[in-house]
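What follows is one structure encoded as structure tokens, with my remarks underneath.
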Amino acid sequence: MNLDFVLRTEIRKATDSLFGQPVDNLQIQPTNAEFEGSHTLVCFPLTKISKKDPEQTATAIGEYLVANSGIVSRFNVVKGFLNLVIADKAWVEVFKSIYSNKDFGLLPSNGKELMVEYSSPNTNKPLHLGHLRNNFLGYSVAEIYKALGYKVHKVQIINDRGIHICKSMAAWKLFGHGETPQSSGMKGDKLVGKYYVEFDKNHKAQMKELVDKGVSEADAEKQSPIMQLASDMLRKWEAKDAETLQLWKTMNGWVYEGFEKTYKRMGVDFEKLYYESNTYLLGKEEVLKGEEKGIFFKKEDGSVWIDLTSDGLDQKVLLRADGTSVYMTQDIGTAILRFKDFPKIEGQVYTVGNEQEYHFKVLFLILKKLGYQWAEKCYHLSYGMVDLPSGKMKSREGTVVDADDLMQEMADEAEKQTRELGKIEELNEQQIKDLSEMIGLGALKFFLLKVDPKKRMLFDPNESIQLLGHTGPFIQYTHARIRAIVRKAESMGVKPTESDLSQVTSLEDSERDGIFILNNYINKLNEAARDYSPAVIANFAFDLAKGYNQFYQSIPIFNETDAVKLKFRIAFSEVVADVLKKSMKLLGIQVPEKM
RNA sequence: GGUCUCAUAGCUCAACUGGAUAGAGCAGCUGCCUUCUAAGCAGCAGGUUGCUGGUUCGAGUCCAGCUGGGAUCACCA
């Protein structure tokens, strides 16, 4: 039974019968805890058609529903709020329809396709905390849309070319002495990152020397020998110089090997990778075509621009005077390429930090002006920066939190606490490691996903490593706890059937509350997709786990002598565990059978 | 300076998009394990929602102004 739909239909009938007008946009909200009931109809807006004051309006509707709806057993009116008590047998019906649907929470295919881009790192340094938020967010949004019946294509664009990688290459050439991941035992991305830092160090020193000799800071920046070497390598790369290309391929290869391990541990995946070295020349043709159509204009020096001042934005360069592309040009080309590669996608989601909001605003506007209808379905999933208690992460100050290190610390902490609690006698060493990994990563992912993506957030290492309270492990724990009950019920031969459930006539408060939360799952799923916000799912899962624990503490399940009630409670437990597992899966978090 | 964005309990976050006496977690205090996993539950305490006005039956939410953070406004990506 779809309670929300039935309730709306019944109230619609009520307004039609009482006031001669069926109302569709009813305001229904959860009832405040202090009043009896679960659903509250806000009656202020209805006074226009009822021609009565809010209390009278509410009372009239309440009386009608009790007499005619069959699902409302009582009501009370507080000011203009009509608090409805849904009959227990209606709640049982709601529960039965969830229990009997094995695919509850997984909508059938809707035939639509969507692309989600996320991660998209540079290849000159390892992944850090900011990338973790990005990866977890993008992955989760993709999973949420999948649950709603979309076919989702996860992609990323790897920024594998440009001056930044040439810097690492230059430093390696000067100081590397042929060092490789194999010879040093370092993870490939870490090794390349080391030379990026090495570049910076030398560059700074050389700059200082030049400045001391009276060279201006800006000139010194360019004139330092190591920067000259890097620039030279970039020129050679663009000229397809064999030796430079070889070194570039080798060092990028090291990075990919390292990233591969990190992605695997994060639990994220991609259907297709785009490399900037393949796409950086795209878009130029589009811009030239756009110039012919008069969408763009050429300045005297030959550079091509778009004027967005009438849209409240500025002018933006698209082709340099020498005819080369800029970032925006590439992104235009890449977007078009993706719609060619995946013709059925209705839009793209770009998971990129909010410092690029202006960029995407301009990008989507340009695509629209070029006549691409799908531009309106492109969305910049813009997320706030992750701050540390000490402030912003700064590579220069060494405050960058490395992704690999952080995941390891989380797993270590989880293992430490798991061993301290000592509920794991029957687990072997490998199982303890696996469980710790699951808990550590669950804590990390939940911590980063529970906050509204749009908001800037604070990452306090001490708090993130907590496994109590509003955390992933709290939900994992609740799941494990329920599974223990279900296993016990199975061993006792307690097997609920639908006909058992039909005999349930009354419910305890905590059971009703639990069904109420479960019943909200699909709404939350839609809300999370609409807002591109895994936080909605994270908070739902927390509320469900919290609700179950209240039930668990207030009712000793196996003390129940009434067989029907016992079976209902087992069925209820099974469903809660199942929905917890499904919702956590949308966050990329696994859930254990025991912990 | 222009544009955008944020400000809620000591701390970290919610608040179903305009609804009732603003809710959780952490930290603090008090209870609950001889019974299904205490990584749990119950309770106490904690608030002029940055400030000032406005819109209306009703504002943390919408509008204006102010204060204070942040981002952005490159022929970088």
Side-chain angles (χ1 to χ4, degrees), chain A residues 27-35 40 42-45 47 53-54 78-81 83 122 159 161-164 276 280 299 301-305 312-314 316-322 324-328 330-331 353-359 361 382 384-385 387 389 392 414 417-418 420-421 423 439 443 447 450-452 454-460 462-464 466-471 473-478 480-489 520 523-524 527 530-531 535-536 539 542-543 545-546 548-559 569 573 594-595:
Chain A
Q27 284 187 45
I28 299 174
Q29 61 188 42
T31 303
N32 278 14
E34 65 203 285
F35 304 116
T40 293
V42 182
C43 294
F44 300 96
T47 54
D53 67 36
V78 181
K79 292 192 259 177
F81 298 92
N83 302 321
N122 290 345
N159 187 3
R161 51 145 241 127
I163 191 68
H164 57 82
E276 210 184 278
Y280 82 108
K299 286 196 178 173
D301 65 356
S303 57
V304 179
W305 296 70
L313 305 171
D314 300 315
K316 183 86 196 169
V317 69
L318 296 173
L319 289 177
R320 298 187 182 100
D322 63 6
T324 56
S325 296
V326 294
Y327 180 45
M328 187 63 76
Q330 298 170 35
D331 268 8
N354 63 7
E355 69 274 9
Q356 294 198 37
E357 265 171 17
Y358 183 77
H359 172 78
K361 212 184 230 176
S382 164
M385 201 171 290
D387 285 322
K392 257 180 156 176
Q417 295 198 30
T418 299
E420 273 170 14
L421 283 166
K423 302 184 201 173
I439 295 170
F447 188 88
K450 73 178 176 184
V451 180
D452 183 345
K454 290 197 285 289
K455 293 191 179 168
R456 199 185 174 90
M457 70 176 290
L458 182 79
F459 184 86
D460 184 339
N462 296 326
E463 199 183 323
S464 70
Q466 268 290 335
L467 311 180
L468 309 180
H470 193 188
T471 66
F474 167 82
I475 298 164
Q476 291 173 317
Y477 171 75
T478 306
R481 175 187 246 185
I482 299 173
R483 292 301 303 162
I485 288 170
V486 173
R487 282 193 299 273
K488 180 169 174 179
N520 237 325
N523 291 337
K524 291 291 176 184
E527 194 184 324
R530 184 196 64 199
D531 296 343
V536 171
N539 289 321
F542 175 74
D543 288 341
K546 185 95 188 148
Y548 184 86
N549 282 324
Q550 284 164 356
F551 159 79
Y552 175 92
Q553 303 278 352
S554 63
I555 301 171
I557 297 174
F558 291 106
N559 286 1
R569 284 167 191 164
S573 300
K594 294 176 184 172
M595 75 182 265

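The chains referred to below are lettered A, B, ... by the order of the sequence lines, with proteins before strands, and numbering in each begins at 1. Both backbone and side-chain heavy atoms feed into the values below; hydrogens, waters and symmetry mates do not.
Straight-line distance between the P atoms of U72(B) and G25(B): roughly 37 Å, to the nearest whole Å.
In this structure, Phe542(A) does not pack face-to-face on the six-membered ring of A24(B), missing the 5.5 Å centre cutoff or the 30° plane limit. In this structure, Phe81(A) packs face-to-face on the six-membered ring of A20(B), meeting both the 5.5 Å centre cutoff and the 30° plane limit. Ring-base stacking between Tyr552(A) and G40(B) is not satisfied when judged by a centre separation under 5.5 Å and a plane angle under 30°.
Using a 4.0 Å heavy-atom distance criterion, Pro54(A) is classed as making no nucleic acid contact. When heavy atoms are screened at a 4.0 angstrom cut-off, Val326(A) is found touching the sugar-phosphate backbone but no base atom. Lys392(A) comes within 4.0 angstrom of the backbone, heavy atoms only, and of no base. Within 4.0 Å (heavy atoms only), Ile28(A) reaches no atom of the nucleic acid at all. Among the heavy atoms of the strands lying under 4.0 Å from Leu468(A) are primed sugar atoms or P, OP1, OP2 only; no base atom is included. Looking at heavy-atom distances under 4.0 Å, Gln356(A) makes contact with a base. Tyr358(A) comes within 4.0 angstrom of sugar-phosphate atoms only, judged by non-hydrogen atoms across all strands, and of no base. Looking at heavy-atom distances under 4.0 Å, Ile439(A) makes contact with a base. Residue contacts shown for Thr324(A) are absent, as no nucleic acid heavy atom lies under 4.0 Å away. Among the heavy atoms of the strands, none lies under 4.0 Å from Ala535(A). Gln27(A) comes within 4.0 angstrom of a nucleotide base, judged by non-hydrogen atoms across all strands. Counting non-hydrogen atoms under 4.0 angstrom, Val42(A) reaches a base of the nucleic acid. Asn32(A) comes within contact range of at least one nucleobase, with a heavy-atom separation under 4.0 Å. Using a 4.0 Å heavy-atom cutoff across all strands shown, Glu34(A) reaches at least one base atom of the nucleic acid.
In terms of position on RNA chain B, the residue among Asn520(A) and Asn159(A) whose nearest nucleotide sits closer to the 5' end is Asn520(A).
Taking the six-membered ring where tryptophan is involved, the planes of Phe447(A) and Phe459(A) are perpendicular, since the angle between them exceeds 60° and thus also 30°.
Atom NE2 of His359(A) is separated from atom P of U5(B) by 19 Å (rounded to the nearest Å). Counting to the nearest Å, the C1' atom of A38(B) and the NZ atom of Lys423(A) are 7 Å from each other. The CE-P distance, from Met457(A) to C11(B), rounds to 17 Å in whole Å. One interatomic measurement links the two molecules: NZ of Lys488(A) to P of C36(B), which rounds to 6 Å at whole-angstrom precision. Distance CD (Glu463(A)) to P (A27(B)): 9 Å, rounded to an integer number of Å.
Summarising the base pairing, G18(B) is matched to no nucleotide, lacking a Watson-Crick or G-U wobble pair whose two defining distances lie under 3.5 Å. Base pairing analysis places U35(B) opposite nothing; no Watson-Crick or G-U wobble pair with both distances below 3.5 Å involves it. When both distances must be under 3.5 Å, the Watson-Crick or G-U wobble mate of A7(B) is U67(B). Using the Watson-Crick or G-U wobble rule with both distances under 3.5 Å, A42(B) pairs with U30(B).
One N or O donor and one acceptor, one from the side chain of Arg530(A) and one from the base of U17(B), sit under 3.5 Å apart. Residue Asn83(A) places a side-chain atom within donor-acceptor reach of the base of A20(B), judged by atom type and a 3.5 Å distance cut-off alone. For A20(B), its base sits under 3.5 Å from the side chain of Gln29(A) at one donor and acceptor pair at least. If you check distances only, the side chain of Glu355(A) never reaches the base of U72(B) with a donor-acceptor pair under 3.5 Å. Side-chain N/O atoms of Ser554(A) and base N/O atoms of A42(B) include no donor-acceptor pair closer than 3.5 Å.
Counting only N and O atoms by type, the side chains of Ser573(A) and Tyr552(A) include no donor and acceptor under 3.5 Å apart.
In this structure, Arg481(A) and Asn549(A) have side chains that are in contact, with non-hydrogen atoms separated by less than 4.5 Å. In this structure, the side chains of Thr40(A) and Phe35(A) stay at 4.5 Å or more apart for every pair of heavy atoms.
Shown here for Gln330(A) and Tyr280(A), the closest heavy-atom pair between the two residues is CG-O, 3.4 Å. Annotation for Asn159(A) and Glu276(A): closest pair OD1-OE1, 3.1 Å, computed over non-hydrogen atoms.
Annotated as syn: C33(B), whose O4'-C1'-N torsion sits within 90° of 0. The glycosidic torsion of U30(B) lies more than 90° away from 0, which places this base in the anti conformation.
Here the CD1 atom belonging to Ile485(A) is positioned 4.0 Å from the CD1 atom belonging to Ile557(A), to the nearest 0.5 angstrom.
Two rings, from Phe474(A) and Tyr477(A), have their centers 6.0 Å or more apart.
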